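What follows is a set of notes on a single structure, which appears directly below.
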Number of protein chains: 2
Amino acid sequence: MTEARPSTETGEGRTPRASAPGGGAAPRYAPGRALRPSVKLLPEHARGHNRSLVLQTLYRGGRLSRADLARRTGLTRVTTSDLVAELLDDALVVEVGQREGSRPGKPATLLEVNRSGHQIIGLDLSERGVLRGAVLDLDGLVVARADAERGDAAGEQLLAAVVTLARRVAALATAPVLGVGVGTPGVVDPTGTVLSAPNLGWTGVALQSHLSLELGLPVVVANDANAAALAEHTFGGAESDLMLIRVGLGVGAGLLLGGSPLFGSRYAAGEIGHVVVGTDGGERCACGKRGCLETWLSEPRLTGELARIRTEGGSPEEAERRGDAVLREAGKRLGIALGPVVGALNLAEIVLSGPEELLAGPLLQSTADTVRARTMQTFSSELVLRTTDLGPDIVLRGAAALVLSGRLGVS
Amino acid sequence: MTEARPSTETGEGRTPRASAPGGGAAPRYAPGRALRPSVKLLPEHARGHNRSLVLQTLYRGGRLSRADLARRTGLTRVTTSDLVAELLDDALVVEVGQREGSRPGKPATLLEVNRSGHQIIGLDLSERGVLRGAVLDLDGLVVARADAERGDAAGEQLLAAVVTLARRVAALATAPVLGVGVGTPGVVDPTGTVLSAPNLGWTGVALQSHLSLELGLPVVVANDANAAALAEHTFGGAESDLMLIRVGLGVGAGLLLGGSPLFGSRYAAGEIGHVVVGTDGGERCACGKRGCLETWLSEPRLTGELARIRTEGGSPEEAERRGDAVLREAGKRLGIALGPVVGALNLAEIVLSGPEELLAGPLLQSTADTVRARTMQTFSSELVLRTTDLGPDIVLRGAAALVLSGRLGVS
DNA sequence: CATGTTTGTTAGTAAAGCGTACGAACATAT
DNA sequence: ATATGTTCGTACGCTTTACTAACAAACATG
């Protein structure tokens, strides 16, 4: 079931330049890691890049022949053919018959991404009280699920629970596992170490290397909001300059700029929950400040407020009116916070993810109105502001997108 | 004097894979353009990358031997030697004697970037009423200057004036010109076309290709604030997650994230002047909204306000007190606008550029205080907020940095 | 003076992509 | 039916790139 090796991953010190490892059917390339300008670039890296390029083209373009791929990528038919042979070998691509329609010349052999040849394991640690896991296919669709009660586990104990869940999910896979993606709350560095996640009781937990060692599989770890943003881009058809806002216990954001996730100087990009918004005070926040975005927008605060209104009586219409006012105010605050970000980044799209019944109505509308009223018209007229279509599985699917992106260079 | 060919630059269609063009001593590589995942990557591109890597290492590291470079880059001594030979050939690097000090082994031949082997032409179109030009060395220091009155030239006429100035500056160069960098206000796309610059009366002006054709030199064009941000990073020792705020006629910003400039989905990133800030009204802005950042922070508005206070009389202490209050309020507004951006991007550094007498005192202090009061402590405690050390030449030097980065891969 | 160290270069090898050329398989014109 | 042209996929040889191995030069030290 598991196919890839334990993956020391980073620090590949002395890479043997041989073509295929003895291990058999393992994918041969760890493609396109971020090309920091301070790293040497070998021809074999170029090959990995081109291999990803071919796969990516096929992933986006549907059924294509080798010649089509060559035309689209700019590579030669020869080279393309060679790369395709490798991908066929690794069971990432399959031939699906010949092209119909009568044209002159030899009929083209159509290729497609092998949707059933591999599966991906996704873990979502961002929900309160429960650890969620799933097996997903290469399209990011959930094939099987397994959850685990979190109880009040934290620290080491929680880490063990995550490993156990991952094993249970892995057992559900019906095809070789391409890798494990994890979306976790907190600050995560690029090596997959959770630097700080108060909700989980984690500080400096080397989640990626630990899981990878325990499972013998490649593992990719990222912040849940970043994962969700990637999901929105890969599976939700979102633009490549995207901000995803997650409303839950707190408020967090994931940013995709020019198609690649933003980490920030201390890997804490997207932590907007404790930004003060507006110049007119506001409630006191747990962090000590007054008027943090979370004091207006978090799920507990909103549901609490709505419940209070309902219990206070009054006509149903009156309650709805007051409830909408609360939601609109929350949306307005979000809009106020987003204004400068939209201006500074020239974002193309903002996506809200969280409890649909809270976000989808007056809140979203009010956010949109506020952003438009507070930024240059050029920006706001081209800005798309919407709620996600990916539903509650967004982080699981984002985890899958992490693996696709990290292992295959597909996004 | 000019050495490089007219530079069709983009769209290199059929690149002959021959090693050196007949033209003689021209640098052979146009290095490290942004590696979009949708572009094929050839071994020769890898070589360009490695060449840049060696040069960059030397640029940052001072005097190093070939063996040193090999150790730092991870490349072999052989490969490094080969790349260095090329760089020597192109007069980008020089040998500067042997290493002193008694160690065993053959003494090392020290190398250095050839500071005087090439020069760069920088143009700054962002100042009111004047076009500024300069010859700079590879360290970004101004060697010679030439300015031109702009008068009320705009559109075609202004474009011609820019070409004329560029020619005058080029005539001042005393070494082969590596390229021409231009910092211009407005929205600039990556091909160097000015999509929109109201101040200059330009819409869709293909500045890069026009200049390049006229001058027969490689040309790089960017927004002035982006250029300034790059200058701050390359010459000012700033971090690689940086936001530079330019206060002048309006307010603009340039962003450097992870060391590379951010363009935004419509290439309009950094346009924060017309973001509404605060929730308490404010003056009406030329753009029609109320409370735009520019209504608090622009140079005309601040100098006007200060002049008004001074003419209104009162004791000097009273005038100073009231002047400081104006500056503090402006700083506070900037801080309010920056809060969400700092939180969303986890910036490491914010640099202010503009009239020193306005920015350096209470304004800066107030901005810093406000940002700290309105963002998570983790962020603010690690955030550096300061005015630039590069002075009024920041855009010229940024233009030079553009050329260094675009032509040599050095930043 | 022998030995060890560091530097920089020479020679040979493996990988990657290109260009050319070729057979296979099809449509269409004669 | 045959000839011609087109498109697809592959085989062969070449160039570029960076690697390994080996070596001479130039120094310090016992």
Side-chain angles (χ1 to χ4, degrees), chain A residues 12-20 28-29 31 39-54 63-88 93 95 97-111, chain B residues 12-20 28-29 39-54 63-86 88 93 95 97-111:
Chain A
E12 46 185 8
R14 278 287 46 127
T15 318
R17 301 188 74 200
S19 61
R28 275 168 281 212
Y29 285 96
V39 165
K40 67 174 172 177
L41 185 55
L42 272 50
E44 63 206 69
H45 297 141
R47 181 155 180 103
H49 176 98
N50 288 335
R51 206 180 95 123
S52 293
L53 175 57
V54 168
R63 307 181 148 209
L64 296 172
S65 70
R66 291 167 173 85
D68 294 332
L69 286 170
R71 275 185 291 265
R72 295 206 187 185
T73 58
L75 294 163
T76 328
R77 281 211 305 276
V78 182
T79 304
T80 308
S81 220
D82 196 35
L83 291 169
V84 166
E86 243 184 69
L87 292 169
L88 283 169
V93 161
E95 297 191 337
Q98 301 199 331
R99 176 172 287 151
E100 302 293 320
S102 77
R103 300 191 308 172
K106 175 178 171 178
T109 319
L110 292 176
L111 302 166
Chain B
E12 47 186 7
R14 280 285 46 121
T15 319
R17 301 189 73 200
S19 60
R28 274 169 283 214
Y29 284 97
V39 166
K40 67 174 173 178
L41 186 54
L42 271 49
E44 64 206 69
H45 298 141
R47 180 157 180 103
H49 176 98
N50 289 334
R51 204 180 97 124
S52 292
L53 175 58
V54 167
R63 307 182 147 211
L64 297 171
S65 71
R66 292 168 174 83
D68 294 332
L69 286 170
R71 277 185 291 265
R72 294 206 189 184
T73 59
L75 295 162
T76 327
R77 282 209 305 278
V78 183
T79 304
T80 308
S81 220
D82 196 36
L83 292 169
V84 166
E86 241 184 70
L88 283 169
V93 160
E95 296 190 338
Q98 300 199 333
R99 176 172 288 154
E100 301 293 317
S102 77
R103 300 190 309 172
K106 175 178 172 179
T109 320
L110 292 176
L111 302 165

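Each chain gets a letter, A, B and so on, in the order the sequences are listed, and its residues count up from 1. All of these numbers come straight from a predicted model, not from anything done at the bench.
Contact check, A/K40 against D/dC19: a side-chain N or O comes under 4.0 Å of OP1 or OP2.
Nearest to the side chain of A/P43, among D/dA18, D/dC8, D/dC19, sits D/dA18. With C/dA16, C/dG8, D/dG5 as the choices, the nucleotide that has an atom nearest any side-chain atom of A/E44 turns out to be C/dA16. For A/P104, counting side-chain heavy atoms from C-beta on, the closest listed nucleotide (D/dG5, C/dT7, C/dT5) is D/dG5. Ranking D/dC27, D/dC8, D/dG9 by closeness to the A/R66 side chain, first place goes to D/dG9. The side chain of A/A108 approaches D/dC8 more closely than any other nucleotide in the set D/dA18, D/dT10, D/dC8. Looking at the side chain of A/T79, the nearest of the listed nucleotides D/dC19, C/dG17, D/dT10 is C/dG17. Across C/dT7, D/dG9, D/dA18, the shortest atom-to-atom separation from the side chain of A/A67 is found for D/dG9.
Each of B/T109 and A/A46 has a nearest nucleotide on DNA chain C; the 5'-most of these lies closest to B/T109. Toward the 5' end of DNA chain C, the nearer of the two residues A/Q98 and B/L110, judged by each one's closest nucleotide, is B/L110.
Between B/E95 and B/R66 a salt bridge is recorded (basic side-chain N to carboxylate O distance below 4.0 Å).
With respect to B/L53, the side chain to side chain contact (heavy atoms under 4.5 Å, CB included) criterion is satisfied by exactly one of B/L83, B/L69, B/T73: B/T73.
Listed by chain and number, the residues in a side chain to side chain contact (heavy atoms under 4.5 Å, CB included) with B/D68 are B/L64, B/S65, B/R71, B/R99 (sequence neighbours excluded).
Residue B/N50 is classed as a sugar-phosphate contact, given heavy-atom separations below 4.0 Å to backbone atoms only.
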Sub-3.5 Å pairs of nitrogen or oxygen atoms, protein against nucleotides 21-23 of chain C:
none

